[in-house]
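The structure under discussion appears below in the form of structure tokens.
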There are 2 protein chains.
Amino acid sequence: MGLQNTLRALADPIRREILSLLKAGPLTAGDICRHFTVTAAAVSRHLAVLREADLIRDRREGKFIYYELNTSVLEEIMFWITELKGDGDDA
Amino acid sequence: MGLQNTLRALADPIRREILSLLKAGPLTAGDICRHFTVTAAAVSRHLAVLREADLIRDRREGKFIYYELNTSVLEEIMFWITELKGDGDDA
DNA sequence: AATACAATTAACAATTAAGTTAATTGTTAA
DNA sequence: TTAACAATTAACTTAATTGTTAATTGTATT
């Protein structure tokens with residue numbers, strides 16, 4: 001389910017932009033919301049999809065929930081693509 | 001539309017498997033169909049999505065249409081991921 | 001306890017995606 | 001031209017995704 005979840009999560013422009021925002025460092029859900037025109041509920045669901053894909057981690061701090069990037073699962077995509085390109089073995 | 005199309009195309013297991021099949025070399029639509037349980041029409045639509053994403057190229061040869069892999073658009077994903085991981089500039 | 005605030009979850013509407021069968025387009029060969 | 005075959009496109013159904021508003025959960029403050 002790893003690669004499938006990861007690619008599905010990345011196949012949405014809002015979710016990719018959320019990841020890009022988190023590149024600079026952790027942000028609260030509210031911080032993230034302010035960058036988009038969609039509602040907080042919509043952003044929250046996008047965050048849930050990213051969390052299920054393990055592309056982000058969350059931790060509560062008081063009444064805020066901080067989200068931060070986790071890029072480790074991207075290795076799997078890199079590997080899959082590299083293999084497809086034939087740099088793997090039987091090229 | 002490049003990255004969006006590419007990621008959307010990759011976010012389906014059948015389409016990824018089609019690409020993997022084509023890694024070994026060009027195949028006809030019929031050849032590809034034989035590897036799946038879904039109908040030829042369904043495979044044909046998957047091929048159309050992959051073609052729109054420019055992940056495959058097609059050429060007709062007699063009554064067969066051959067499909068072959070085009071991995072060049074994958075560079076864009078590699079770049080995007082690399083940048084996200086911070087190997088880009090301001091890490 | 002009551003209020004306020006951050007964020008998520010629930011319930012629903014609208015859009016998009018994926019699958020099916022049936023019809024159509026190309027191409028070859030009788 | 002007609003028949004046969006490869007493959008796509010059309011029409012339709014169903015399932016999944018995305019968005020909205022309203023209700024709920026969790027935490028801090030008064």
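Just so it is clear: chains get the letters A, B, ... in the order the sequence lines come, proteins before strands, and each one is counted from 1. Side chains are part of it too, since the values below use all heavy atoms of this structure and drop only hydrogens, waters and symmetry mates.
Within the structure, every side-chain polar atom (N or O) of A/H46 is placed at least 4.0 Å from both OP1 and OP2 of D/dT17. Applying the 4.0 Å criterion to OP1 and OP2 of D/dA7, one finds that B/T28 has a side-chain N or O inside that range. The phosphate of C/dA18 (OP1 or OP2) has a side-chain N or O of B/R15 nearer than 4.0 angstrom. The side chain of A/R8 places an N or O atom within less than 4.0 Å of a non-bridging phosphate oxygen (OP1 or OP2) of D/dT17.
Taking CD from A/Q4 and CZ from B/R16, the interatomic distance works out to 4.5 Å, rounded to the nearest 0.5 Å.
Heavy atoms of A/A48 sit nowhere under 4.0 angstrom from any nucleic acid atom. Backbone-only contact: A/A29 has heavy atoms under 4.0 Å from sugar-phosphate atoms and none from a base.
Taking for each of B/D31 and A/A40 the nucleotide of DNA chain D with the nearest heavy atom, the 5'-most of the two is the partner of B/D31. Both B/S44 and A/A42 sit near DNA chain D, but only B/S44 has its closest nucleotide nearer the 5' end.
The minimum heavy-atom distance linking B/M78 with A/M78 is given by the pair SD-SD, 3.4 Å. A/L10 approaches A/L55 most closely through the heavy-atom pair CD2-CD1, 4.0 Å.
Distance, B/R45 CZ to D/dT8 P: 12 Å, rounded to whole Å.
The partner of D/dT17, taking Watson-Crick or G-U wobble pairs whose two distances both stay under 3.5 Å, is C/dA14.
Between B/F36 and B/L21 there is a side-chain heavy-atom pair separated by less than 4.5 Å.
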